Amino acid sequence: MVYIVLQRAAREVLARTFGDEGTELGPAETVADLAAYVARRETERPRWVWDYTRRWYPSLLAGGVRVERCVDLRLSHAIMRNSTLTAGSALATSPRSAWDYSLVVDEPRVRDEALFDFDEADPIGEPDAAAEFLLQREAIAASADPGRIGLLLAAESAGALIACEMKSAGLPVDADTHDRLLTDLLGPRPRYGERPAKLEALLDVMRGILDSNDVNPDSPAELLKALGRAGIMATSTRSWELKEIKHPVIAPLLEYKKLSRLMTANGWSWLDTWVADGRFRPEYVPGGVVTGRWAASGGGALQLPKQIRGAVIADPGWKFVVADASQLEPRILSALSADRRMAEAGRGDLYEGIVASGAVKTRAQAKIAMLGAMYGATSGESGRLMPALTRAFPQAIALVEAAARAGENGEIVTTRLGRSSPLPGSEWQAAQGDAYGEAATPQTAARARGAARSWGRFTRNFIVQGTAAEWALCWMAGLRGRLWSLAEDQALDRPHLVFFLHDEVIVHTPARLAEQVVLEVRAAAVDAGRLIFGAMPVDFPVTAVTVDNYAQAK
DNA sequence: TACCCCAGCGCG
DNA sequence: AAAGCGCGCTGGGGTA
């Protein structure tokens, strides 16, 4: 494997080539035309090593240059700084440096988005990418499990490439259809600052029932008061609480809230702001969530409501292949814990399998029980089902229980591939101290216990959600390679990823290749399971459908 | 005016 | 069903 480390200098880019052993191959090169250089050396199939993919790759993509693989030094650094698999390495024990700052929200240098669009060196000074690269290679080599951490870093870096490519391609959104969907539900687009007809009509109905002409349903505090005056003693205006109340105003109010939400979050102004040239281009943020899931910013990409998915329409002659990993997190749990009985139950529909095992009576119960096991439910139906689930699958439940105990004790937990949880913050530590200190009271003890359990629920879920995120990254990285091989056209004329949502992807593909894409999506899922869990016989079935618009996928 | 926090709800 | 995990966005309402 050849690694080419790119480094911004004052006016140009410096490229240094390294071999597997960390030995430098040949002299450093000064690069004037980066896109041309990368395109030329990409034929060697190197790993491009750079500080931050989002800083380098968009301009390459804009120049028509796609790369197969990279090392994102900042994302890799963030993982190895915390991972129990690299604890004790020079990287993990060194003081915080520039390599630690990019993912810290409060860090002033990243507040300025322009920094990343800027094709020049950071005026504050460029950290030495080659030195960091060698430090990382050393940490991987000395790791307790180089294979796992290496796979995680490769998958994370592939994710960084995919995030840029998806933004570059964009998700196709049809403005006219979006407008029609809104008009059907809300009435025609109102003038700025006005409510659409449907909301206005519902408001009239509510005001009539409440006998109040100035109630503002958009203000929870005001609404609560108005409900109180009408004799409705709710403690909040949350929909699920209102649903339990029998009163004529509830039905129009719930409908108002639903439609109002659509209007504000994904209405006309959403389209104006976030969709341009028929494409929705959110900023995906790999590693943006503490568990390793992606975050996104700009238009709420990961919350695209079902109501408007019909406006996500494939180009003429193209299709969407919408694929999601069925029941991913419980399957991850059975693989992580090597619980063969749960793996057996997951041969087909996992929840039906749990019913067949005799643990619970209905599919709905199986689902609630599994969610409770992974989230740490203690009460309600979910809590009541736990003992039966534990009897049926002791090995799987023991794994999440151990993770919960670790968190309650303030310890770290680690995913399958090596992403470790953060330590609880100083407030948490202080609360634990208060429970035993001289000033301890029943109140401080209860607060400490509550905080401990809460952190335990976090670590319990961390290993499952985090390992599921690793699976999804491996799935998507493998799929990206497979899609690329399906055609010989220009990048955007080949099948390509346009959307990712934790356990679901959308591929935009020429219609003639859709059937093949479905096969690749499934094959990539099989690969991902093998890569991460080896011979452990856990199935990761994928539901994949070929559609013209996103709403047609269930 | 510019921020910050909260309540509420969308997604997995 | 409304207890338990992780997010981002909006409008309201407060403070500086």
Side-chain angles (χ1 to χ4, degrees), chain A residues 105 111 193 195 216-225 234-245 253-254 256-267 269-270 273-274 282-285 287-309 324-330 332-333 362 364-365 367-386 400-401 403-404 407 413 419 421-422 450 453-469 471-472 499-505 550:
Chain A
V105 174
R111 282 212 190 124
R195 288 190 179 88
N216 174 14
D218 299 325
S219 165
E222 255 194 67
L223 178 59
L224 203 56
K225 274 188 247 165
T235 62
S236 78
T237 63
R238 293 188 188 95
S239 290
W240 63 262
E241 186 180 344
L242 296 178
K243 255 176 222 161
E244 303 305 311
I245 297 169
L253 175 55
L254 290 174
Y256 179 95
K257 285 165 77 79
K258 185 91 181 162
L259 292 176
S260 166
R261 166 79 191 186
L262 173 65
M263 162 92 176
T264 56
N266 295 95
S269 58
W270 174 82
T273 309
W274 302 114
E283 186 75 47
Y284 293 96
V285 188
V289 177
V290 63
T291 57
R293 274 186 173 183
W294 287 17
S297 66
L302 305 184
Q303 304 139 260
L304 207 64
K306 301 215 154 102
Q307 289 157 304
I308 63 153
R309 291 185 177 183
D324 76 280
S326 315
Q327 305 150 346
L328 178 60
E329 292 197 355
I332 289 290
L333 174 56
T362 68
Q365 283 183 333
K367 194 170 177 176
I368 288 171
M370 280 309 301
L371 286 176
M374 293 184 298
Y375 294 162
T378 53
S379 61
E381 185 178 11
S382 188
R384 282 194 298 279
L385 292 168
M386 286 305 299
V400 282
E401 289 297 327
V413 296
R419 195 183 310 259
S421 65
R453 290 209 177 118
S454 171
W455 197 259
R457 288 192 299 273
F458 165 66
T459 51
R460 169 198 293 267
N461 187 248
F462 184 95
I463 54 168
V464 179
Q465 186 182 120
T467 304
W471 183 92
F499 195 61
F500 171 54
L501 188 54
H502 308 315
D503 61 357
E504 174 178 345
V505 296
Y550 191 14

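It should be emphasised that the depicted structure is a prediction, and the values quoted were computed from it without experimental measurement. Each chain gets a letter, A, B and so on, in the order the sequences are listed, and its residues count up from 1.
Distances from the side chain of A:Lys257 to the nucleotides B:dC9, B:dC11, C:dC9 place B:dC9 closest. Comparing C:dG12, C:dG8, B:dG12 against the side chain of A:Asn216 picks out C:dG12 as the nearest. For A:Thr291, whose side chain is taken as the heavy atoms from C-beta onward, the closest listed nucleotide among C:dG6, C:dC9, C:dG11 is C:dG6. Among B:dG8, B:dG12, C:dG13, the nucleotide with an atom closest to any side-chain atom of A:Ser236 is B:dG8. Side-chain atoms of A:Ser219 lie closest to C:dG12 of the nucleotides C:dT10, B:dG12, C:dG12. Of the candidate nucleotides C:dG4, B:dG8, C:dG11, C:dG4 has the atom lying nearest to any side-chain atom of A:Ser382.
Judged by distance alone, with hydrogens and angles left aside, the side-chain atoms of A:Arg460 form a donor-acceptor pair with the main-chain N or O of A:Ala373 at under 3.5 Å.
Nucleotide C:dA3 has no partner under the Watson-Crick or G-U criteria, as no pair reaches both atom distances under 3.5 Å.
Note on A:Ala221: nothing from the nucleic acid sits closer than 4.0 angstrom, heavy atoms only. Among the heavy atoms of the strands lying under 4.0 Å from A:Val290 are primed sugar atoms or P, OP1, OP2 only; no base atom is included. Among the atoms of the strands shown, only primed sugar atoms or phosphate atoms (P, OP1, OP2) are found under 4.0 Å from some heavy atom of A:Gly298. A:Arg457 comes within 4.0 angstrom of sugar-phosphate atoms only, judged by non-hydrogen atoms across all strands, and of no base. At the heavy-atom level, A:Thr378 lies nowhere under 4.0 Å from the strands shown. Among the heavy atoms of the strands, none lies under 4.0 Å from A:Leu371. Within the 4.0 angstrom heavy-atom criterion, base atoms lie near A:Gln465. Within the 4.0 angstrom heavy-atom criterion, no nucleotide atom of any strand lies near A:Gly383. Within the 4.0 angstrom heavy-atom criterion, only backbone atoms of the sugar-phosphate kind lie near A:Arg238; the bases stay farther away. No contact: A:Arg453 has no heavy atom under 4.0 Å from any strand.
By the 4.5 Å heavy-atom criterion applied to side chains, A:Pro422 and A:Phe458 are counted as neighbours.
In summary, A:Lys257 and A:Glu241 do not engage in a salt bridge, as defined by a charged side-chain N under 4.0 Å from a carboxylate O.
Within 6.0 Å of atom CZ in A:Arg195, more than 12 heavy atoms from other residues, nucleotides or ligands are found, so the atom counts as buried in its surroundings.
Interface remark: the A:Arg460 side chain does not form any donor-acceptor pair with the C:dG4 base, using a distance-only criterion of under 3.5 Å.
Taking 90° from 0 as the syn/anti boundary, the base of C:dG8 is oriented anti.
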